[in-house]
Amino acid sequence: MSQNDKNKSFIELGKFLAQFSDPRLQGEGYAGKNETVQNPTVLGNELFFDRFVQLIELSQSHNGWFTPEQVYFAVQSWAAALTEENLNQWLSAYPQTVSSVKTVGLVLAGNIPLVGFHDFLSVLVSGHKVLVKTSSNDQKLLPFLAEYLCWVDPEFKNRITFTAGQLQDYDAVIATGSNNTARYFEYYFKDKPSIIRKSRNSVAVLNGQETHEQLVALGEDIFRYFGLGCRNVSKLFVPQGYDFKAFFEAMFVYQDVIHYEKYANNYDYNKAVFLMSNFKLRDNGFLTIKEDSAYASPISSVFYEYYETLEEVQNKLEADRDLLQCIVSNQLIPGSIPFGKTQKPELWDYADEVDTLAFLFAL
């Protein structure tokens, strides 16, 4: 299977996904139109289009956090990524073929829709075979996209396998989980080449000079996928004396999040726990913020920490680099990304800063 054939298949998948966007969500975050309309030039619509619409609309019945709005966002994000230009730019730094085809096992997380797709894509474009164990929280979306790929190019049928049980007959593994499951993965997969991903969090560094538009974009980083992703901002670093008024005014755009029952239940529960523990909170009715040195805040809450100097923050973040996924700021911290971009990574933005393709090509 040539590199060109693999690329063409994923480009076709990107065109297929580009058809699906949600009229309930407008503006920021969507790469395509704000409606789902068939494109007559897309391959396989007669077999897959209506089924995918139905799958998206029913996703919340499979996982209460996978509302149609969130799934449509994930779909549009991948549609924007899977273009000929992006694939060529991503793959240009690597060999065109692997020395020998291996079977790479994937143990996927299920915290946000299609969270394991990048690993799935990486294994296949590198030329290896993929053996996938999906999370119990996300068992429908990726197999559907795999089915579409196999229809576009039947050679993928011999390269893609899903399993409900333990991985068997694999040469390497990429596994994602919590810090606790990572310890199990490290022991269980100790005899195989592996990438083991642990829990990470993302932070934003503010200086009080951010515009309203930038703070609204920060809200996208906080509330997208209800804050369940490692790329969601869970902590703020703010200067001493920071006035949170502008922050809360910007967050008001996202007030409808409280209408989702699972989010509302978490908001009520976590707020009650904080108050019973006599913690001081700032609260706007759908988000609590709490001064805390930790990075991982519960759903519906964001932690914050004061700083004296940006150098102090930079030193802390550098020391804790293994705990962090993204750093967001208005160019205050070297290597930080702009507000509103955490859930729109490029193909070459690797999780945990581990080059997945370099690992795969070295097998």
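Starting from 1, each residue takes its place in the sequence as its number.
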Which residues satisfy the ring-ring contact (aromatic ring centres under 6.0 Å, His included) test with Phe16, sequence neighbours excluded? Phe20, Phe52, Tyr148
If the condition is side chain to side chain contact (heavy atoms under 4.5 Å, CB included), which residues does Asn284 pass it with, not counting sequence neighbours? Phe248, Met251, Phe286, Leu287
Kindly list each side-chain donor-acceptor pair under 3.5 angstrom involving residues 117-125, sequence neighbours excluded, with atom names and distances?
{"unit_1": "His118", "atom_1": "ND1", "unit_2": "Ser122", "atom_2": "OG", "d": "3.4"}
{"unit_1": "His118", "atom_1": "NE2", "unit_2": "Leu347", "atom_2": "O", "d": "2.7"}
{"unit_1": "Asp119", "atom_1": "OD1", "unit_2": "Arg197", "atom_2": "NH1", "d": "3.3"}
{"unit_1": "Asp119", "atom_1": "OD1", "unit_2": "Arg197", "atom_2": "NH2", "d": "3.0"}
{"unit_1": "Asp119", "atom_1": "OD2", "unit_2": "Arg197", "atom_2": "NH1", "d": "2.7"}
{"unit_1": "Ser122", "atom_1": "OG", "unit_2": "His118", "atom_2": "O", "d": "2.8"}

Partner residues of Asp268 under the salt bridge (Lys or Arg N to Asp or Glu O under 4.0 Å) criterion, sequence neighbours left out: none
List for me each residue that meets side chain to side chain contact (heavy atoms under 4.5 Å, CB included) alongside Lys271, sequence neighbours excluded, and say none if there are none. Tyr267, Leu275, Leu281, Asp283, Thr288
Tracing side-chain links under 4.5 Å among I, L, V, M, F, W and Y, which residues wind up in one group with Tyr188? Val107, Leu131, Leu167, Tyr170, Val173, Tyr184, Phe185, Phe189, Ile196
With Thr97 via side chain to side chain contact (heavy atoms under 4.5 Å, CB included) - residues at least two apart: none
Lys15 meets the salt bridge (Lys or Arg N to Asp or Glu O under 4.0 Å) criterion, sequence neighbours left out, with Glu12
Look at Arg51 together with Glu147 and state whether they make a salt bridge at an N to O cut-off of under 4.0 Å. yes
Hits for side chain to side chain contact (heavy atoms under 4.5 Å, CB included) against Asn315, two or more places apart or cross-chain, chain-then-number order -> Glu311
Are Tyr304 and Tyr306, when compared by the centres of their aromatic rings, separated by less than 6.0 Å? yes
Contact list for residues 250-260, test salt bridge (charged side-chain N to carboxylate O under 4.0 Å, His left out), sequence neighbours left out: none
Applying salt bridge (charged side-chain N to carboxylate O under 4.0 Å, His left out), which residue pairs with at least one partner in residues 349-363 are found, sequence neighbours left out? Arg200-Asp352, Arg321-Glu353
So, using ring-ring contact (aromatic ring centres under 6.0 Å, His included) as the criterion, who are the partners of Tyr269 when residues are at least two apart? none
